[in-house]
Q: 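Pasting a structure here, questions to come.
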Amino acid sequence: GGVAPRAGERRCRARLAAGGRRGAAAAAVLVPLCSVRGRPALLFTLRSRRLGGPHSGDVSFPGGRRDPGDGDSVATALRETREELGLALGPPSVWGQLRRGQMVAPVVANLGPLEDLTLTPNPDEVEEVFTMPLAHLLREENQGYTHFRTAGRYSYTLPVFLNGPHKVWGLTAIITELTLELLAPDHYRLKTHTPRHSSMV
């Protein structure tokens, strides 16, 4: 149950499977679909400030670097989700991997109703867990973008999602918009524009 009607889930799984063979990227994140009081949503984490470094306190998805024991990117994403949120997901929850051949592999999974889950966030890694309804993310007034310039010339555009508990930006916003485009192709148009050979994602 949860996020999309069965037909929608089948379409998404087929599209993800068509992306090619699952490989093992250097890192992976889980893109957690869920439902909150029956409304489809995405689950985000706020990285603990205890982590230090430039990304502490940022909005993110559960994830991290690949361990030698991880068979593939799905294994990395599931292991990291277990370590960060205390949530053990089985392969049936996983829909597939967004975008092949990238530095960070986004793995889409459906957690089902949030009310049925017991989350035990690891305080060393996660400061807060929150959700944002897909309907909120799809509304134009909650979508922004940032144009970046290099040496005075336009370089690339990245999305930002606003008006939720926390601003979603950076790599998490890029993965969020890829997910929206997967789930609601008739309602969301990608805002990201990067140079062809960019290795940002």
Q: What pairs with Glu128 under salt bridge (Lys or Arg N to Asp or Glu O under 4.0 Å), at least two apart in sequence or on another chain?
A: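 Once residues adjacent in sequence are excluded, Glu128 has no partner under the salt bridge (Lys or Arg N to Asp or Glu O under 4.0 Å) criterion.
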Q: Identify the heavy atoms of Leu137 and Met132 that sit nearest to each other, and give their distance.
A: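 Scanning both residues, the minimum pair turns out to be CD2-CE, 3.7 Å.
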Q: What closest approach, in Å, do His136 and Gly164 show between heavy atoms, and which atom pair accounts for it?
A: NE2-N, 3.8 Å
Q: How many angstroms lie between atom CG of Leu183 and atom CD of Glu9, to the nearest 0.5 angstrom?
A: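 Answer rounded to 0.5 Å: 10.5 Å.
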Q: Just to verify, what does Arg139 make a salt bridge (Lys or Arg N to Asp or Glu O under 4.0 Å) with, not counting sequence neighbours?
A: Glu141
Q: Kindly write out the residues that satisfy ring-ring contact (aromatic ring centres under 6.0 Å, His included) with His166, not counting sequence neighbours, or none if the list is empty.
A: Phe130
Q: Taking the side chain as C-beta and beyond, is there a heavy-atom pair between Glu115 and Arg37 under 4.5 Å?
A: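 Yes. Closest side-chain heavy atoms under 4.5 Å.
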Q: When you measure from the side chain of Ser73 to the backbone N and O of Ala25, does any donor-acceptor pair fall under 3.5 Å?
A: yes
Q: Are Leu43 and Leu119 close enough, and set up right, to give a side chain to side chain contact (heavy atoms under 4.5 Å, CB included), and what steps lead you there?
A: CA-CA 11 Å; Leu43 182 141; Leu119 301 177; 4.0 Å; yes
Q: Using only atom types and a distance under 3.5 Å, with no angle test, would you say the side chain of Ser93 pairs donor to acceptor with the backbone of Leu89?
A: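 No; zero donor-acceptor contacts below 3.5 Å.
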Q: Which residue, Thr45, Leu30, Val29, forms the side chain to side chain contact (heavy atoms under 4.5 Å, CB included) with Thr81?
A: Leu30
Q: So, Asp67 side chain and Asp70 main chain: donor-acceptor pair closer than 3.5 Å or not?
A: no
Q: Test your reading of the model: is there a side-chain donor-acceptor pair from Arg79 to the backbone of Gly63, 3.5 Å cut-off?
A: no
Q: Quick one: does Asn110's side chain get under 4.5 Å of Trp95's, heavy atoms only?
A: yes
Q: Report yes if the side chains of Leu138 and Leu180 come closer than 4.5 Å at any heavy-atom pair, otherwise no.
A: yes
Q: Nearest 0.5 Å please: distance from the OG1 atom of Thr176 over to the CZ atom of Phe161.
A: 5.5 Å
Q: Step by step, would you call Val108 with Val94 a side chain to side chain contact (heavy atoms under 4.5 Å, CB included)?
A: CA-CA 6 Å; Val108 179; Val94 175; over 6 Å; no
Q: Any sub-3.5 Å donor-acceptor pair from Asn142's side-chain atoms to Asn163's backbone N or O?
A: no
Q: Under 4.5 Å between any side-chain heavy atoms of Tyr188 and Glu177, yes or no?
A: yes
Q: Answer yes or no: is there a side-chain heavy-atom contact under 4.5 Å between Ser35 and Pro113?
A: yes
Q: Going by distance alone, is a donor N or O of one side chain under 3.5 Å from an acceptor N or O of the other, for Thr172 and Ser60?
A: no
Q: Would you indicate whether the side-chain heavy atoms of Val126 and Val129 approach each other to under 4.5 Å?
A: yes
Q: Using the side chain to side chain contact (heavy atoms under 4.5 Å, CB included) rule, take Lys167 and Leu162 through it: C-alpha gap first, then chi angles, then the decisive distance, then the call.
A: CA-CA 5 Å; Lys167 182 170 78 169; Leu162 308 163; 3.9 Å; yes
Q: Identify whether the distance between the nearest side-chain nitrogen and carboxylate oxygen of Arg66 and Glu80 falls below 4.0 Å.
A: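 Salt bridge absent between Arg66 and Glu80.
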Q: Can you confirm whether Pro32 sits close enough to Pro62 that some side-chain heavy atom of one is under 4.5 Å from a side-chain heavy atom of the other?
A: yes
Q: I'd like to know if the side chain of Thr131 and the backbone of Leu42 have a donor-acceptor N/O pair within less than 3.5 Å.
A: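 A pair under 3.5 Å: no.
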Q: Same cluster or not: are Tyr145 and Val59 linked, directly or through other Ile, Leu, Val, Met, Phe, Trp or Tyr residues, by side-chain heavy atoms under 4.5 angstrom apart?
A: no
Q: Could you measure the distance from the SG atom of Cys12 to the CG atom of Leu182? Nearest 0.5 Å is fine.
A: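 Answer for the SG-CG pair, Cys12 versus Leu182, is 4.0 Å.
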Q: When rounded to the nearest 0.5 angstrom, what is the spacing between CD in Glu125 and CD in Glu83?
A: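 The CD atom of Glu83 is 6.5 Å from CD of Glu125, to the nearest 0.5 Å.
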Q: Using side-chain heavy atoms (C-beta onward) and a distance below 4.5 Å, is Leu87 in contact with Thr118?
A: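 No; the side chains remain at least 4.5 Å from each other.
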Q: Check whether Gln143 reaches the backbone of Val160 with its side chain - one donor and one acceptor, N or O, closer than 3.5 Å.
A: no
Q: Who are the salt bridge (Lys or Arg N to Asp or Glu O under 4.0 Å) partners of Asp186, not counting sequence neighbours?
A: none
Q: Give the minimum heavy-atom separation between Pro185 and Arg11, together with the two atoms involved.
A: CD-NH2, 3.6 Å
Q: Let me confirm one number: the NE2-CG distance from His187 to Leu134, rounded to the nearest 0.5 Å.
A: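 Output value for this atom pair is 11.0 Å.
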Q: Determine, stepwise, if the pair Leu111 / Leu33 fulfils side chain to side chain contact (heavy atoms under 4.5 Å, CB included).
A: CA-CA 6 Å; Leu111 310 186; Leu33 312 175; over 6 Å; no
Q: For Phe61, enumerate each residue passing the ring-ring contact (aromatic ring centres under 6.0 Å, His included) test, keeping only those at least two apart in sequence or located in another chain.
A: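 With sequence neighbours excluded, Phe61 shows a ring-ring contact (aromatic ring centres under 6.0 Å, His included) to Phe44, given in chain and number order.
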Q: How far does CG of Leu158 sit from OG1 of Thr146, to the nearest 0.5 angstrom?
A: 7.0 Å
Q: Could you tell me which residues satisfy side-chain hydrogen bond (donor to acceptor under 3.5 Å, both in side chains) with Thr150, sequence neighbours excluded, listed by chain and number?
A: Ser155
